[in-house]
Protein chains: 2
Amino acid sequence: MMKKVLNNTISVDCVIFGFDFEKLNVLLVDRVLVDEKTGKELFSDLTLTGNHIFEDESLEDAAARILFDLTGLENIYLKQFGAFGDTERLLKPNDQAWLRASGRDPHSRILSVGYYSLLATEKVTLKWKGRNVKWYPVAEVTDLAFDHYTILQSALQALRRELLYEPIGFELLPEKFTLSQLQKLYEVVLGVELDKRNFRKKIARMKYLIPLDEKQKGVAHKPARLYMFSREVYEKTRKEVFDFNI
Amino acid sequence: MMKKVLNNTISVDCVIFGFDFEKLNVLLVDRVLVDEKTGKELFSDLTLTGNHIFEDESLEDAAARILFDLTGLENIYLKQFGAFGDTERLLKPNDQAWLRASGRDPHSRILSVGYYSLLATEKVTLKWKGRNVKWYPVAEVTDLAFDHYTILQSALQALRRELLYEPIGFELLPEKFTLSQLQKLYEVVLGVELDKRNFRKKIARMKYLIPLDEKQKGVAHKPARLYMFSREVYEKTRKEVFDFNI
DNA sequence: GCAAAAGTGTTAATAGTACACCCATGT
DNA sequence: ACATGGGTGTACTATTAACACTTTTGC
């Protein structure tokens with residue numbers, strides 16, 4: 001087997017979104033820099049999950065690898081949403097100290113390609129590899145290392161837009177879900193309130209949202225019917241041309 | 001003044017779209033490789049316009065620079081639409097020969113960030129710099145050097161989507177334009193036919209499309225009224241939340 | 001006067017919006 | 001029995017889709 005060589009100017013950052021039926025979360029890594037000599041903690045902050053690419057690896061493969069390393073999941077929805085290469089993106093003092101401490105040239109220019117991925121938080125059990133990785137509510141994230149806050153906002157914007165026009169919400173839900181869960185997802189991600197009856201009227205038009213003969217269990221209220229999304233039906237019934245807004 | 005240093009692993013490719021009231025065009029460069037010794041032409045093909053970035057230059061600045069070098073135009077609409085880093089993107093025989101002939105390592109990995117830009121072809125006078133740059137109808141482009149055909153298709157897809165949901169069509173037209181020109185633009189880029197009356201009814205709802213007291217001149221038919229797009233009115237009147245399609 | 005594109009209105013079907021009450025379950 | 005979220009219908013308005021003829025100009 002050939003030795004894997006990391007490309008040192010190209011990296012991939014993954015914005016891993018998770019939905020827990022209440023809010024949108026993002027997987028972040030707690031980065032702690034400890035002084036070599038004194039053993040004291042110099043700072044601690046949060047970063048997106050990312051890594052340099054291997055020389056023989058495509059960008060998408062790198063993103064899938066990062067995702068797999070953190071979650072153990074494969075075949076997860078992944079979407080490239082931008083490339084980030086500002087000249088000052090690694091120049092904040094903490095980041096410079098971090099690069100130096102990990103033996104990298106703090107003046108090197110690194111371009112990062114952003115991918116976001118979507119999954120139901122319940123799919124993931126977090127207990128990984130010394131690296132302290134946790135879900136954080138997107139709404140509560142205020143700043144991140146490097147330019148990762150910018151990247152996160154850019155991912156959010158791309159996700160919102162995608163959600164408005166493509167059937168990707170299901171990627172954030174388990175296979176079987178209730179209409180209220182789906183509605184909540186739209187409300188949380190888009191930041192709007194939707195009318196229950198109008199939402200369901202809209203759903204009723206979509207042949208690819210299939211009602212199952214199955215109900216929620218163990219809830220302290222009338223159990224909701226479960227639905228699933230059929231990509232096959234969707235592909236077959238999607239209209240060829242769309243309306244446009246000038 | 002500091003000497004400019006090119007980054008040799010990151011490049012920017014510009015997909016420069018132009019509209020001539022009839023079809024969508026793209027600026028391409030005729031690449032000719034001549035045998036050093038014999039002076040014979042080894043091959044000739046087409047590439048997108050692109051270049052490596054300077055070390056002290058942002059991606060967007062690099063794209064704007066490429067655009068300026070080719071067209072002499074500034075403040076042109078520019079949109080990043082993707083990063084292209086497949087491991088085999090430079091491995092076609094012509095491309096390998098080209099890299100070797102221009103003294104570059106044919107095995108090096110280069111990541112290219114794609115930007116597309118929009119302008120009315122009439123804005124540009126082409127007569128440039130030894131490099132043979134010309135407009136080609138997008139519909140007639142069948143293949144390009146490197147992975148540029150893939151990049152072009154990806155740009156087209158991004159443009160179509162943007163055109164469906166944002167008011168960017170005006171970037172492809174002169175400041176003053178007729179409704180038929182605008183309609184043709186939508187038809188050509190989206191590949192659809194639109195009904196004239198319904199199109200105009202829709203236009204009438206958009207306050208930011210401003211009818212001028214001015215008409216076309218020198219046309220052999222009833223001259224059309226000219227319109228312009230007001231970004232200020234658009235920004236003020238755009239609705240906060242949108243409808244969504246699941 | 002003729003060719004060429006501009007400009008204009010009605011009807012029917014579909015989709016969007018606003019809004020309030022009863023139902024099934026667990027505790 | 002009560003708290004909790006599930007589930008349903010109607011009236012009004014706005015938007016879409018289909019469709020054909022007259023007007024103004026240059027030649």
Side-chain angles (χ1 to χ4, degrees), chain A residues 19-23 164-165 167 173-174 176-188 190 192-228 237-246, chain B residues 20-23 164-165 167 173-174 176-188 190 192-207 209-228 237-246:
Chain A
F19 181 63
D20 59 9
F21 305 128
E22 290 187 359
K23 54 196 166 9
L164 280 171
Y165 306 121
L173 292 169
K176 300 169 181 181
F177 51 85
T178 72
L179 293 188
S180 293
Q181 290 167 346
L182 184 62
Q183 181 180 337
K184 185 77 180 176
L185 191 167
Y186 277 81
E187 292 180 333
V188 163
L190 300 178
V192 294
E193 288 219 335
L194 301 171
D195 177 86
K196 185 162 47 157
R197 278 176 289 189
N198 294 340
F199 183 82
R200 289 157 117 94
K201 211 188 303 175
K202 193 157 186 163
I203 295 298
R205 282 203 302 276
M206 326 212 153
K207 309 283 171 49
Y208 44 85
L209 260 177
I210 299 170
L212 304 173
D213 289 329
E214 204 174 332
K215 304 207 161 176
Q216 265 185 321
K217 274 173 195 155
V219 285
H221 53 76
K222 179 171 174 178
R225 159 166 259 151
L226 296 174
Y227 285 72
M228 59 173 289
T237 60
R238 69 185 301 174
K239 5 179 179 129
E240 267 309 297
V241 177
F242 299 91
D243 194 21
F244 61 95
N245 307 305
I246 295 193
Chain B
D20 59 9
F21 305 129
E22 289 187 358
K23 53 192 167 8
L164 280 172
Y165 306 120
L173 292 168
K176 300 171 180 181
F177 51 85
T178 72
L179 293 187
S180 293
Q181 290 166 348
L182 185 61
Q183 181 180 338
K184 184 78 180 177
L185 190 167
Y186 276 82
E187 292 180 334
V188 164
L190 300 177
V192 294
E193 288 219 335
L194 301 172
D195 178 86
K196 185 161 47 154
R197 279 176 289 188
N198 293 339
F199 183 81
R200 288 157 116 93
K201 212 186 303 174
K202 193 158 185 161
I203 296 298
R205 281 203 302 277
M206 326 210 153
K207 309 284 172 50
L209 261 177
I210 299 170
L212 304 173
D213 289 330
E214 205 174 331
K215 303 207 161 178
Q216 264 184 322
K217 275 175 195 154
V219 286
H221 55 76
K222 180 171 174 178
R225 158 166 258 150
L226 296 175
Y227 285 73
M228 60 172 287
T237 60
R238 69 185 303 173
K239 6 180 178 136
E240 268 309 296
V241 178
F242 300 89
D243 194 20
F244 61 95
N245 307 305
I246 295 194

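Residue numbers begin at 1 in each chain, while the letters A, B, ... track the order of the sequences. Heavy atoms only: backbone and side chains are in, while hydrogens, waters and symmetry mates are out. Values in this document were obtained by computation on a predicted structure and should not be read as measured data.
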Check your understanding: Can you name the closest pair of heavy atoms from Gln183(B) and Asp195(B) and give their distance?
Key ->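 Shortest heavy-atom contact: NE2-C, 4.1 Å.
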**Study point:** Least distance between heavy atoms, Phe21(B) atom then Lys184(B) atom
**Key:**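 Nearest heavy atoms, Phe21(B) then Lys184(B): O-CG, 3.5 Å.
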I need the [atom1]-[atom2] distance between [X] and [N], as an integer number of Å.
X	N	atom1	atom2	result
Phe199(A)	dG9(D)	CZ	C1'	18 Å
Phe21(A)	dG6(D)	CZ	P	12 Å
Asn245(B)	dA15(C)	CG	P	11 Å
Lys202(B)	dT8(C)	NZ	P	19 Å
Glu214(A)	dG6(D)	CD	P	16 Å
Arg205(B)	dA17(D)	CZ	P	11 Å
Glu193(B)	dA17(D)	CD	C1'	15 Å
Ile203(A)	dT8(D)	CD1	P	13 Å

Practice item. May I ask you to decide if Lys201(B)'s main-chain N or O and Asn198(B)'s side chain share a donor-acceptor pair within less than 3.5 Å? Key: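 Absent.
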Review point. Touch check for Arg200(B), heavy atoms < 4.0 angstrom, all strands: base, sugar-phosphate only, or nothing?
Key: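 Contact class for Arg200(B): base.
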Review point. Does the ring of Phe244(B) carry Lys202(A) above it, NZ/CZ under 6.0 angstrom from centre and within 45° of its axis?
Key: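 Checked: cation-pi criterion met.
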Nearest 0.5 angstrom please: [X] [atom1] to [Y] [atom2], how far?
X	Y	atom1	atom2	value
Lys207(A)	Leu209(A)	NZ	CG	12.0 Å
Leu164(A)	Leu190(A)	CG	CG	5.0 Å
Leu179(B)	Phe199(B)	CG	CZ	6.5 Å
Arg225(A)	Ser180(A)	CZ	OG	13.5 Å

Point to revise | Close approaches to DNA chain D from residues 178-187 of chain A, in residue order (heavy atom, under 4.0 Å) | key: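 Within this stretch, Ser180(A) sit under 4.0 Å of the strand.
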Check your understanding: Is the number of heavy atoms from other residues, nucleotides or ligands under 6.0 Å of Lys176(A) NZ greater than 12?
Key ->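 No, because the 6.0 Å sphere around NZ of Lys176(A) holds 12 heavy atoms or fewer from other groups.
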Study note, to complete from the structure: Per-nucleotide protein contact along nucleotides 19-27 of chain D, 5' to 3', at a 4.0 Å heavy-atom cut-off (B base, S sugar-phosphate only, - neither), is BB--BBBS-
